[in-house]
A.B. asks: 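Take a look at this one; I'll ask things after.
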Number of protein chains: 2
Amino acid sequence: MSEISRNGSGGGGQPGRIGIGLELDDIHMKILEVLRENGRISVAALAERVGISRANAYTRFEALRADGAIKRFTAEIDHVRAGLGITALIFVTVRQQMWKQFRAELARMPEVEYCAITTGQHDAMIQVRVADVAAVHTMVTDRLANIPAVKATETVFILDEVLKRPYVLPSDRDRAHRAARRPTQETQGDVPLGKMRFVGAAEGRNALRKDD
Amino acid sequence: MSEISRNGSGGGGQPGRIGIGLELDDIHMKILEVLRENGRISVAALAERVGISRANAYTRFEALRADGAIKRFTAEIDHVRAGLGITALIFVTVRQQMWKQFRAELARMPEVEYCAITTGQHDAMIQVRVADVAAVHTMVTDRLANIPAVKATETVFILDEVLKRPYVLPSDRDRAHRAARRPTQETQGDVPLGKMRFVGAAEGRNALRKDD
DNA sequence: GTTGAAATTAGTACGAA
DNA sequence: TTCGTACTAATTTCAAC
């Protein structure tokens, strides 16, 4: 069903290889657009919104699911209401060749909502949601610091989440480019390059990614 | 729609103030747990899984939705399949008193999936999904650099997303603590504090949050 | 890929515990 | 509040086109 669904994205994907799977056409994209905004819409209503028949909608819906283009449906929960008012980012420097262990420990930490391996100064960024600031401290000092794979951490707090979109799609960009391009910006070629900076991968990063 | 209110909670909330709204009991939490893993489950099936009647499930479901504890239902889409194979984090230093403008510009950038205001060296972190690395460069140099509010940026690439949980809940922590606590870690008080570092808010950060 | 019917299931209303 | 049931509306499935 979805052997090809394990590339660069979620959980244990094979980084670097992209399976072709489904060829997604405009209607597929439109379906994804609708579903990402309303994950509980009925397939019948979905069919109407994208302008296809019910049967077609069911076929495509199942295909997207089976192919892995739709990974899952989920409810976005207000973490503050749920009792987790504090969000923090912890940037982690991982000791070489211990990446596998780091991952295993991560799985044991339910307060971790997100973890990504990054280029730059640090090796990974994890996002945690906890009840109070004390819990962040506990988390970092008691849990993370005890992992041998963790060489160093740097913690910042999230003061506000300005925006969170339910997965970006290429169609968003197309739509926005048509609507929001302003001539002054389009023609303006003289960009103050001096004020930005790209940060490359740290030493041995590629090696790190292979040992899991 | 994708704007999140200032205290991190639901859409129309009073910024800074957290309404008490619903008192969430164990059953509410269990409902959230199920819904976060399967956002398309029928209310009937939900009722059975949490062990309440259908009528009760409908009542609670609606209450959670109305209260804002459930913000929305969404489909998680494989961005690689959707044609956005590159994910990057851009750390932005924002000029004081120009936060409002920065937010407005953000809304015009569909490739931005997430933006949070943080403590630490930078003021904000944005996560973007684009088709290729060139698009990141374009995004940073053409779009971000042209915003007067942006003083400086620092970009890192995400090589792999190790884990992404559909919103953390307090119940996860409880469950994990029961299952995964190992005596060696619980009693181990001597933590190598030297290897971690907390980063406080940059100058004038609090002022920044007020001017929007 | 579409339409239209049957079977199933979802959502609502209301009385009783 | 919660449950159970009956009722109504909608969805999904399956057929033929």
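Proteins get letters first, then strands, A, B, ... in listed order; numbering begins at 1 in each.
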A.B. asks: Identify, residue by residue, the members of residues 27-48 of chain B with a heavy atom below 4.0 Å from DNA chain D, and return them in order of residue number, or none.
C.D. replies: none
A.B. asks: For residues 45-64 of chain B, which residue pairs pass the ring-ring contact (aromatic ring centres under 6.0 Å, His included) check, not counting sequence neighbours?
C.D. replies: B/Phe61-B/Phe73
A.B. asks: Figure out the OH/C1' separation between B/Tyr58 and D/dT1, and round it to whole Å.
C.D. replies: 19 Å
A.B. asks: For A/Thr74 and B/Arg36, test the side chains for any donor-to-acceptor distance below 3.5 angstrom and give the result as yes or no.
C.D. replies: no
A.B. asks: Is a side-chain donor or acceptor of B/Asp160 paired with a backbone partner of B/Val162 at a separation under 3.5 angstrom?
C.D. replies: no
A.B. asks: Both A/Arg60 and B/Glu62 contact DNA chain C. Taking the nearest nucleotide for each, which residue is further toward the 5' end?
C.D. replies: A/Arg60
A.B. asks: How long is the line joining CZ of B/Phe61 and C1' of D/dT1, in whole Å?
C.D. replies: 20 Å
A.B. asks: Show your working on ring pair (Phe, Tyr, Trp, His ring centres under 6.0 Å) between B/Phe91 and A/Phe91 and close with a plain yes or no.
C.D. replies: CA-CA 13 Å; B/Phe91 298 91; A/Phe91 297 91; 5.7 Å; yes
A.B. asks: What class does the angle between the rings of B/Phe198 and A/His137 fall in, given that below 30° is parallel, 30 to 60° is tilted and above 60° is perpendicular?
C.D. replies: tilted
A.B. asks: Are any of the side-chain heavy atoms of A/Leu35 and B/Arg40 separated by less than 4.5 Å?
C.D. replies: yes
A.B. asks: Of all nucleotides in DNA chain C with an atom under 4.0 Å from a non-hydrogen atom of chain B, which is the first and which the last going 5' to 3'?
C.D. replies: C/dA10 to C/dT12
A.B. asks: So, A/Glu113 and B/Arg165, do they make that salt bridge, N to O below 4.0 Å?
C.D. replies: no
A.B. asks: Let me test you: for the helix from C/dG1-D/dC17 to C/dA17-D/dT1, what is the angle between the axes at its two ends (five pairs each), rounded to 10 degrees?
C.D. replies: 30°
A.B. asks: Taking only residues two or more places apart in sequence, or in another chain, which ones meet B/Asp26 in a salt bridge (Lys or Arg N to Asp or Glu O under 4.0 Å)?
C.D. replies: none
A.B. asks: Between atom CZ in A/Arg54 and atom P in D/dT11, what is the gap in whole Å?
C.D. replies: 10 Å
A.B. asks: Would you please test B/Asp172 and A/Arg129 for salt bridge (Lys or Arg N to Asp or Glu O under 4.0 Å) and show each step?
C.D. replies: CA-CA 11 Å; B/Asp172 294 325; A/Arg129 302 224 189 250; over 6 Å; no
A.B. asks: Taking salt bridge (Lys or Arg N to Asp or Glu O under 4.0 Å) as the test, write out the residues that go with B/Glu33, two or more places apart.
C.D. replies: B/Arg175
